[in-house]
Amino acid sequence: MADLQGIAEGVINGKRDDVARLVQAAVDEGVGADVIINEGLIAGMSVVGDKFKKNEFYVPEVLIAARAMHAGMDIIKPLLAESGVQPKGTIVIGTVKGDLHDIGKNLVAMMLEGGGYEVIDLGVDVKPEDFVAAVKEKGAQIVALSALLTTTMPSMKDTIEALKEAGVRDAAKVMIGGAPVTQNYADEIGADGYAPDAASAVDKAAELLG
Ligand code: B1M
């Protein structure tokens, strides 16, 4: 019988090989990709998110858990197209123009993936027009912006302005975060949401997509 609980525990404990083995066994038994993702991989990552929020887990544990989750996702991904499982939404993420910090952004991207979203990661030093292009070409419903420098926070505002100028501001919600970023700043520049950490970013994405 498929060990979905074991998959979740493997993710929580960062046991990459265990997760890959148990996911493959579940696939071989004919368990649906959606069940493996929701009751195994996502269930595990949401515990990781809760522990991170409560300071029971720190960055290294989250990265190791995310790596284990990816080992499972690598097996599931080719099956998703066949089984018709839809992601909860598409999110384009990047660190804004002028900013090269990506550790926090990568964590947010991994947690969002673990939360069941398709994540398109544009990397660092991303120009406003590249976010605009991703919304147009990929149909992203959320634009997720990260900034670690007070000097690059204005690039978040520039990105929102660029989305308006391109006529796609209403097509996607804008979520922002990063150490110097605050809810007040999000309100000031007209972002739709702010999240203080990677786990809260998953909750915020769900809230923004209703
Ligand atoms: Co830089 N750096 N850095 N740096 N760096 C800081 C940010 C700084 C606070 C250090 C300091 O002076 N005390 C300072 C910024 C000061 C300021 O603007 N207020 C600073 C500076 C000044 C600089 C340079 C200008 C230094 C120089 O060259 N003179 C330069 C700038 C380069 C550039 O970007 N153009 C620079 C360069 C670098 C390195 C390249 C050496 C390296 C980055 C490596 C990399 O990212 N690949 C680096 C690092 C590592 C840091 C510190 C030490 C750590 C940042 C980090 O990764 N934290 C940082 C000091 C510090 O924070 N202690 C510092 C861990 C990470 C998990 O947290 O990124 O906050 P964080 O992400 C969190 C949340 O913020 C949130 O979730 C994450 C997980 O919970 N979050 C989001 C992040 N994005 C989100 C998006 C969301 C939601 C939540 O929604 C979309």
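Whatever order the structure lists them in is the order used to number ligands and atoms, beginning at 1. Count residues from 1 along the sequence.
- Backbone and side-chain nitrogen or oxygen atoms of Asp102 are examined, and one is located within less than 3.5 angstrom of a nitrogen or oxygen of ligand 1.
- At least one N or O atom of Thr150, backbone or side chain, sits closer than 3.5 Å to an N or O atom of ligand 1.
- Residues Gln183 and Asp187 have side chains that bring a donor and an acceptor to within less than 3.5 angstrom of each other.
- Distance alone, capped at 3.5 Å, places no donor-acceptor pair between the Asp102 side chain and the Lys105 backbone.
- The tally of protein N/O/S atoms under 2.8 Å from atom 1 (Co) of ligand 1 stands at 1.
- Geometrically, ligand 1 and Thr151 share no nitrogen or oxygen pair separated by less than 3.5 Å.
- Residues in residues 144-155 take part in these side chain to side chain donor-acceptor pair (under 3.5 Å) pairs, two or more places apart or across chains: Asp99-Thr152.
- Residues Asp203 and Ser200 have side chains that never bring a donor and an acceptor to within less than 3.5 angstrom of each other.
- Taking each of Ala198, Ala186, Ala201 in turn, the one with a heavy atom nearest to atom 77 (O) of ligand 1 proves to be Ala198.
- Residue contacts with ligand 1 for Phe52 involve side-chain atoms from C-beta outward but no N, CA, C or O (heavy atoms, distance under 4.0 Å).
- Atom CG of Leu41 and atom CE of Met73 lie 7.0 Å apart (nearest 0.5 Å).
- Take Lys88 and apply the salt bridge (charged side-chain N to carboxylate O under 4.0 Å, His left out) test, not counting sequence neighbours, and it matches no residue.
- By the criterion of a heavy-atom distance under 4.0 Å, both the backbone and the side chain of Ile103 are placed next to ligand 1.
- Under the 3.5 Å distance criterion, the side-chain polar atoms of Tyr117 are left unmatched by any main-chain donor or acceptor of Met111.
- For Arg21, the salt bridge (charged side-chain N to carboxylate O under 4.0 Å, His left out) partners are Asp18, not counting sequence neighbours.
- Residue Ala179 has at least one heavy-atom neighbour below 4.0 Å for each of these atoms of ligand 1: 70 (O), 75 (O).
- Within the 3.5 Å criterion, the main-chain N or O of Tyr58 finds a donor-acceptor partner in the side chain of Glu61.
- Contacts with ligand 1 closer than 4.0 Å are made by no heavy atom of Val181, backbone or side chain.
- Remark: ligand 1 and Gly98 share an N or O pair separated by less than 3.5 Å (distance only, no angle test).
- By the 4.0 Å heavy-atom criterion, Ala199 is excluded from the residues contacting ligand 1.
- Asn13 places a side-chain N or O within 3.5 Å of a backbone atom of Glu9 that can act as its donor or acceptor partner.
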